Amino acid sequence: MIAVSYPLNKILTGLARAHVTREKLSDAELAGHDLSDAERSALLAGDIRRLYDLGANPYLIRRVFRPRFPI
Amino acid sequence: MAEIVAAALAAHAPLITGKPEIARPEQRERLYAGFHEMRRRLAAARPDLLVMFVNDHLQNFPYSNLPAFCVGLVDAYDAPSPGGSTLMRIPPRKIPGAPTWGMALLEAGLAGGFDFAYSYEIESWDELSVPLHFLNPDGDIPVATVYTNCAAPPLPTLRRCHEMGAFVGRFARSHRGASRVAFVATGGISHWVGTPETGRINPEWDHWVIDHIERGDVEPLLRLTWDEIERDGGNGGQEIRNWVALMGAVPGWKGESLAYEPVPEWITGCGTVWVHA
């Protein structure tokens, strides 16, 4: 079964469409989103590997957390 | 009735045009030469319609609405939009769509067992804008699109993509809305984008894919699972669904590799393959 987190992909889609790029997200940006504790901490840390493991789409991870990618 | 006059496969990546200067010059020029040769052959074939097998990258279809297969009914594609123009460094322009042809395909699909989704509004990114920059520089050939979900798994199987392409091929031959149809599929080959392995390219797998296309031996490609492609071709490698869809549209045709370059700076195994009878 492929890991897919709709809450993660929903928040990342909104940020990507607003052309937001971040090293990590803030509490304010997470407000109103129904996220698990693990998802919340991964977003706040900008932990791109953990986000991937939790079921965030890699294309969205890259668009939002672009500064985290050396290439 | 229409004649299928050409078919071609090409990688897409925004950096191919967006940051040409960061690639090694010899790699860039060999790949550009492949695109230019493809353009020369395509122009010589004089198509009156380009049918493109492509995929979105979550710009158009979000997780609230994800079609496996979607026919574009767009009047004119931004290829690119003003926003995309900045990223891809291609002047913004409009390329005519083929909504009447697309609607006929949609209806034929629904009647014939392919329940396509459809969309009247698609923002084109590198899946159309980059290859069309090379292949349709004057923007005078109308474009019909079939989008396949290659980016937000679970994805349709490669066999189903091939069957879908075969359906589109049969439709294109039988429909009178165009007389000289060219098929173009974009995407692949191996690339890892946004995953923990971002930047990886697997030339060995890319050559394996191209070799099978060149021999017209697509059956091993159709047996590939999502896991196998993810392992060997990366999440970007899932886009070979578009390639096998095109191979379904031109049964018996074989590929001829025009250029292949694994370009680390563009984080993509970049191929251009001409497909012929």
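Predicted model only: the values in this text are computed from it and were never measured. Order of the sequence lines fixes the chain letters, A, B, ..., with proteins taken first and strands second; residue numbering starts at 1 for each chain.
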Could you tell me which portion of A:I48 (side chain, backbone, both or neither) has an atom closer than 4.5 angstrom to a non-hydrogen atom of chain B? neither
Least distance between heavy atoms, B:G236 atom then A:Y59 atom: CA-OH, 3.6 Å
Ranked by heavy-atom pairs below 4.5 Å to chain B, first place among A:T13, A:L60, A:D53 goes to A:L60
Heavy-atom distances under 4.5 Å only: say whether B:W192 touches chain A with side chain, backbone, both or neither. neither
What part of B:L58 is in contact with chain A, defined as an atom under 4.5 angstrom from a non-hydrogen atom: side chain, backbone, both or neither? both
Relative to chain B, which of A:L51, A:I71, A:N9 shows the most heavy atom pairs under 4.5 Å? A:N9
B:E204, CD atom: more than 12 neighbouring heavy atoms under 6.0 Å: no
Which atom names give the shortest non-hydrogen contact between A:N57 and B:P153, and what distance separates them? ND2-CD, 4.3 Å
So does B:Y260 have more than 12 non-hydrogen atoms from other groups sitting under 6.0 Å from OH? yes
Just give me the residue among B:P62, B:G194, B:S64 that pairs up with chain A most often, heavy atom to heavy atom, under 4.5 Å. B:G194
Region of B:E230 that comes under 4.5 Å of a non-hydrogen atom in chain A: side chain
For a side chain to side chain contact (heavy atoms under 4.5 Å, CB included) check, start with the C-alpha distance between B:H57 and A:R62, then their side-chain angles and the critical distance, and finish with the verdict. CA-CA 11 Å; B:H57 307 84; A:R62 182 162 170 91; over 6 Å; no
With a cut-off of 6.0 Å (strictly less than), are more than 12 heavy atoms of other residues, nucleotides or ligands near CD of B:E121? no
Looking at A:R17, A:H19, A:R68, which one has more heavy-atom pairs under 4.5 Å with chain B than the rest? A:R17
Nearest non-hydrogen partners of B:N235 and A:P58, listed with the distance: ND2-CG, 3.4 Å
Testing the basics here: between A:F69 and B:T195, what is the closest heavy-atom pair and its distance to 0.1 Å? CE2-O, 4.1 Å
